[in-house]
Every structure is written in C-alpha cells, then in structure tokens.
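I have placed the structure first, in the form of structure tokens, so that the comments after it can refer back to it.
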2 protein chains.
Amino acid sequence: MAELSAAHNSLQTATRPAKACDVALIDCSSSEFTHSNLQGTDMLAMTQEPSASRVRFQPALPKPRAKSPDPRSLEDYLSRGTVRGIEAKEHLFAEGDAKSSIYRVLSGALCLYKILPDGRRQVIDFAYAGDVIGLESGIVATYSAQGTVATRVSCLPSAILDRAAANDPRIAMQLYMTMARNVDAMRDHLVCVGQRSATERLVSFLLGLSRRRASLNGGTSIVELPMTRTDIADFLGLTIETVSRTLSKLKAQRCIEIDQGTTIRFVDIVALEALAEGEAR
Amino acid sequence: MAELSAAHNSLQTATRPAKACDVALIDCSSSEFTHSNLQGTDMLAMTQEPSASRVRFQPALPKPRAKSPDPRSLEDYLSRGTVRGIEAKEHLFAEGDAKSSIYRVLSGALCLYKILPDGRRQVIDFAYAGDVIGLESGIVATYSAQGTVATRVSCLPSAILDRAAANDPRIAMQLYMTMARNVDAMRDHLVCVGQRSATERLVSFLLGLSRRRASLNGGTSIVELPMTRTDIADFLGLTIETVSRTLSKLKAQRCIEIDQGTTIRFVDIVALEALAEGEAR
DNA sequence: CGATTACTTGAGCCTGTTCAACAACCGTGG
DNA sequence: CCACGGTTGTTGAACAGGCTCAAGTAATCG
C-alpha cells in the first residue's frame with residue numbers, strides 16, 4: 001500500500017559524518033517523541049505537550065547510507081531519517097496529533113486506524129517494512145498509527161520534504177505517486193470490506209499479505225501474522241470470533257496450517273485463491 | 001469490461017491549444033480559490049481544515065477571466081479542458097481502459113466503481129460538480145466511471161498535466177494534495193462501510209451529501225439524490241432493499257421526508273446526527 | 001398506453017454477531 | 001519451579017441485522 005520499493009534496506013547501516021541536514025533531522029525527534037507513548041484506548045483525548053516531558057532520546061542509531069551532497073529522490077530523503085523504535089501497542093502518532101514527520105517502516109509492522117466516538121475501530125491499513133506513512137493533506141493526523149509488534153521506523157521531518165518537493169518536481173511527483181498507489185490499495189480494500197464474505201475477506205487478506213511480503217519470505221508459502229486477531233478483525237470489518245472461526249474452518253478444510261496462532265502455512269493455494277473470489281464456501 | 005469501453009467514443013480530447021471559446025464554455029475556475037486553497041510552497045504543512053476529508057474542489061462559481069498564455073495552477077489547466085457530455089448510465093471510462101485524460105465534473109454526477117469477477121459491485125465514490133477524477137498511478141484505469149445522471153465534464157489530456165507537473169512543482173503538489181484529500185475521504189468511507197450499521201451508513205451518506213453540496217443548495221435542508229438506489233446500495237455495501245427500507249423507516253420516524261423518491265428533506269437533523277453516530281436505532 | 005425500469009414492502013433465512021466459557025500463552029514473583 | 005493473574009485466542013449456543021426471494025406499486029419512455 002503506502003509502498004515504495006523495499007529494496008533499500010541494505011543501505012541503512014552505513015555510517016557517515018554529520019552534515020548540515022542532520023541538524024534539522026535531529027530536532028524533529030524532540031517533538032516527535034513527546035506524544036508517542038499513548039497506549040490503550042484513550043489516546044484520542046490526548047493533546048501533546050511538546051515542551052514538557054520525557055524526551056527519551058535514542059542516541060542516533062546507525063546512520064543511513066553514504067552521504068550524497070544533493071539528494072534527489074524521495075528514497076534518498078527517507079534514508080536519511082532518524083531511526084526510532086516503537087514497541088507493540090505503542091503509538092507512533094495518534095489521530096489529532098500535529099503532523100511533524102513522515103515515516104518509513106524499517107522492520108516490524110504498524111497498524112493504522114480510526115475510531116468512532118463509541119469506540120468501534122476500523123484498521124485502515126497495516127504498514128510493513130518498506131512502507132511509507134504520514135503523508136497527508138492537512139496539518140493534523142486523521143488517523144492513528146500503532147505498532148502491532150516491536151517496530152523500527154525512520155523519521156523524516158515534513159518540513160524538509162516540503163521544501164524539497166517545492167523545489168524539485170520529481171520529489172513532488174514521487175509523493176503524488178506514492179499517494180496514488182495508496183488510494184489504489186484503499187479502493188481494493190473498500191471493495192473487499194464492502195462486498196466480500198468473511199471467508200473471502202480473510203483469505204484475500206492472507207494472500208495479500210503473502211504477496212506483499214513475497215520479497216521477504218522468498219516466495220515460500222509461509223506467512224507470519226505480525227498482529228493480533230483484533231487487528232485483523234478491525235481491518236476486515238469482522239469480529240475476532242469470526243476471524244478465529246474462519247481460520248479454524250480453513251484449517252479443517254486443509255487449506256492452511258496454523259502454528260502458534262501466528263504462523264500460517266498455505267497448503268492448498270488453488271483452493272485459497274478460489275475462496276478469495278467467492279467460489280464455494 | 002470490453003462492453004463498457006464502448007462508451008468511450010464520442011469526443012475524446014484531442015490535444016489542441018486552448019481557445020477562447022473553451023474558456024467561455026467551461027470557465028468555472030476562480031483564481032481566488034486556486035491561490036488560496038491549492039497553492040503555496042509549504043504544501044505539506046498547509047493550514048487547511050482537516051474536515052476537508054470530504055472537501056474536494058469547491059464548485060467554483062463562474063468568474064470571467066482573461067486567458068493567460070502560461071497557465072500556472074491545476075485549476076487553470078482544468079478550466080481549459082474540452083467539455084464532454086455523458087448520459088446517465090454512459091461510461092466516461094471503464095476499468096482497464098488506457099488513461100488518456102483527467103476530468104473535472106461541471107454538472108451532474110458520476111459514479112466511480114469496481115466490480116468483482118462474479119459481478120458484485122462496489123461504488124468507490126460519487127463525483128459531483130467541482131470534483132476532479134482520473135488522477136491515477138498507473139497507465140490503466142483501475143475503476144470505472146459512469147454517469148448517474150446526465151453530466152458534463154471537462155477533459156484534460158493527462159500528457160499536458162504530466163508535462164506541467166514535471167516542470168512546475170506547484171502543479172505536482174496540487175496533484176498530490178488532491179490525491180491526499182481523496183485518500184482522506186476514502187478512509188472515512190472505509191470506516192463507515194466497515195463499522196457502521198445500515199441506518200448509520202445511510203444517514204451519514206445523506207448528511208455527507210448535504211454537506212458536500214451545501215454551497216449549491218444554499219444550506220437548505222433539502223438534498224437531491226442524483227443516483228439510483230442501486231448506486232447508493234453499492235456505495236454503502238448494502239442491498240437496494242435495505243436502502244429502501246431504511247429510508248422508509250427514517251420517514252416513518254419523521255426524520256426525513258421523501259419526494260419522488262429522489263428529493264430528501266431533513267426534518268429532524270438532530271435526530272439524524274444522533275443516528276449517524278450510532279445512538280438509538 | 002403498454003413495456004420497461006426503478007422503487008417499496010413482506011416473509012423467511014443465513015451469515016456473522018453477541019454472550020459466555022474455556023484453553024493457551026507469558027511475564028512476574030513467591 | 002510452579003502458582004498467579006492478565007492477555008490472547010478458540011469454541012459453542014442463541015440471536016439479529018441485513019440478505020434473498022418474491023410480489024406489488026410507481027415512475028419513465030417509446
């Protein structure tokens with residue numbers, strides 16, 4: 001979904017001397033970390049206090065890539081971000097927060113969601129390694145981002161990107177294309193949630209996840225689920241019971257095997273792909 | 001899909017210089033709007049209301065302007081497009097078509113949808129006067145656009161816009177912001193379809209439509225539905241029977257009045273807003 | 001004016017929800 | 001080491017919201 005090529009991870013560990021742009025990069029984090037520890041259900045009420053509080057500063061983790069004096073692509077910029085760690089359940093940002101940065105997921109997974117006044121939650125998307133999130137139209141986040149497992153993200157202050165995009169149409173176009181791919185994925189998901197049955201939704205989700213991580217798992221038929229049943233349910237517009245039951249049913253039908261509840265192995269991919277398209281039940 | 005593409009014939013925009021008559025015909029652009037809402041260099045940090053989730057281009061009021069030889073804003077480009085009429089049920093483009101143009105709706109309404117292999121249909125969005133559609137990441141349309149009523153659109157060849165965006169970061173950023181607002185609206189709709197009950201969905205739809213057209217109907221409590229029950233049902237992930245029944249129920253509860261089946265008058269807005277948020281039933 | 005399409009309403013059913021109990025897993029601390 | 005509480009996942013039984021099927025009414029168009 002918010003997916004730029006995930007191919008750049010290898011560059012993430014090189015070290016380089018500090019440069020002018022680092023200064024800007026670093027102070028982004030101070031405002032960043034302030035409102036990041038929201039937990040549980042009441043984060044919407046929170047308004048962050050940029051001045052006070054525990055800015056537990058993570059001494060900059062390994063620096064991205066060798067320096068280039070004139071970064072040219074969105075990737076270049078993103079690879080210069082400061083790295084930040086997020087625990088499972090910890091929020092990277094919450095709906096209503098002032099938006100200061102955009103992020104690229106380095107490892108782990110994030111859950112992007114919105115909640116209704118009465119507490120019902122819709123997971124908009126999951127963000128996996130390589131995905132970019134935080135690109136938005138307004139100055140305030142319209143959804144929340146929470147780690148589903150321990151996760152590392154690279155943070156880039158929006159201001160830097162704004163400036164870059166304002167001067168370089170190529171950057172602006174990359175932002176545009178990233179957004180466009182996002183919309184595309186959202187449309188597909190909307191079709192899924194709006195039209196498909198529980199089984200279809202779950203199977204599409206599993207297959208989609210597998211496809212999305214194909215580069216990582218080397219094309220095996222095994223997929224790790226780096227999120228809870230609740231996350232999956234809220235993503236698919238179902239209840240956890242239905243998710244659990246449907247997984248059990250698929251297991252009983254010998255379409256999948258489940259290990260530890262989190263590792264799914266596709267046994268009968270043909271059957272799964274038929275199920276995803278509504279054939280049989 | 002093939003059958004749909006047939007609709008495509010009439011006057012697909014040929015690339016040609018903008019002429020005076022074009023401007024006269026279509027001119028619903030307003031430079032005010034353009035500069036206040038879409039331009040500026042710090043796009044990412046733009047101070048524009050987040051409730052803009054549903055806001056697209058405001059249906060700009062006709063405003064005579066001299067044609068400028070060097071158009072600068074997205075609005076300028078769009079106002080130079082060639083006009084095309086679409087009948088109800090006629091397709092502007094269909095999923096799978098090569099994308100040649102982007103469009104702005106001048107009057108009427110379009111229904112943007114995707115269909116599953118087995119025929120189930122999900123309406124992604126409706127496009128009303130002022131809305132821009134056809135901005136996409138790939139070279140092939142990933143959804144179909146069909147008139148729900150007789151509709152006029154202004155067509156602008158993508159190539160022109162591509163060139164403009166490649167040279168002018170402001171244009172690229174406007175494309176980006178347009179897309180971003182789109183994503184925002186889609187997220188809201190996903191929450192609606194994924195979490196809300198039939199009544200909640202329908203009421204949110206009505207209120208949202210009213211809000212979106214507030215500039216046109218002058219803030220009255222009357223909304224025209226320029227689409228069929230089928231369109232609404234496919235938009236909300238319901239059946240036509242449920243849509244019809246729910247409307248009847250709202251009428252029986254004296255929340256709305258219905259005239260000719262297509263004109264809705266809000267009688268008890270307070271109750272409606274409560275219903276939209278899941279209170280009572 | 002009849003034919004076609006769009007909308008409404010009813011009756012019964014089914015998918016997925018709700019409510020509830022139980023099992024598995026995990027970190028903590030005795 | 002195991003007992004413990006807490007969290008997460010599984011399974012069962014009953015319910016209900018929305019769907020399907022079906023018939024009837026209203027609007028539209030040649």
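Throughout, a chain's letter reflects where its sequence line sits, starting with A, and its residues are numbered from 1. Given the structure is predicted, the values throughout are model-derived calculations rather than measurements.
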Original post:
Want to settle it: does Lys251(B) or Lys89(B) sit nearer the 5' end of DNA chain C, counting the closest nucleotide to each?
Top reply: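 Checking each residue's closest nucleotide, the 5'-ward one belongs to Lys89(B).
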
**OP:** Report the residue (Gln260(A) or Ser244(B)) whose heavy-atom-nearest nucleotide on DNA chain C is the more 5′ of the two.
**Re:**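 So the residue in question is Ser244(B).
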
Just how far, in rounded Å, is [atom2] of [N] from [atom1] of [X]?
X         : N       : atom1 : atom2 : answer
Ile240(B) : dA22(D) : CD1   : P     : 15 Å
Gln195(A) : dT15(C) : CD    : C1'   : 15 Å
Leu225(B) : dA6(C)  : CG    : P     : 15 Å
Met227(A) : dG9(D)  : CE    : P     : 11 Å
Glu241(A) : dA13(D) : CD    : P     : 15 Å
Arg229(B) : dT25(D) : CZ    : P     : 19 Å
Arg120(A) : dG17(D) : CZ    : C1'   : 13 Å
Lys249(A) : dG9(D)  : NZ    : P     : 20 Å

Original post:
Parallel, tilted or perpendicular for Phe126(A) and Phe205(A), by the 30°/60° rule?
Top reply: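 Ring orientation, 0 to 90° scale: tilted.
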
So, under a plain 3.5 Å distance rule, would you say the side chain of [X] forms a donor-acceptor pair with the base of [N]?
X         : N       : value
Arg196(A) : dT15(C) : no
Arg201(A) : dT15(C) : no
Arg245(B) : dG10(C) : yes

Original post:
So which heavy atom on Ala271(B) is nearest to which on Cys255(B), and how close?
Top reply: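 Heavy atoms of Ala271(B) and Cys255(B) come nearest at CB-SG, 4.0 Å.
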
So does [X] get a side-chain nitrogen or oxygen closer than 4.0 Å to the phosphate oxygens (OP1/OP2) of [N]?
X         : N       : value
Thr228(B) : dA6(C)  : no
Thr242(A) : dT15(C) : no
Thr239(B) : dC19(D) : yes
Thr230(A) : dT8(D)  : no

Original post:
For the atom pair CG (Leu202(A)) and NZ (Lys249(A)), what is the distance rounded to the nearest 0.5 Å?
Top reply: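 NZ of Lys249(A) is found 9.0 Å from CG of Leu202(A).
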
Subject >> The single option from Gln122(A), Arg121(A), Arg120(A) passing side-chain hydrogen bond (donor to acceptor under 3.5 Å, both in side chains) against Gln195(B) >> reply: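 It is Gln122(A); the other options fail the test.
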
Subject >> Sugar-phosphate, base or nothing in reach of Leu238(B), heavy atoms under 4.0 Å >> reply: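 Leu238(B): backbone/sugar contact only, no base atoms under 4.0 Å.
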
Original post:
Hey, is Arg187(B) close enough to Asp184(B) for a salt bridge, meaning N to O under 4.0 Å?
Top reply: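 Between Asp184(B) and Arg187(B) there is a salt bridge, with a charged N closer than 4.0 Å to a carboxylate O.
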
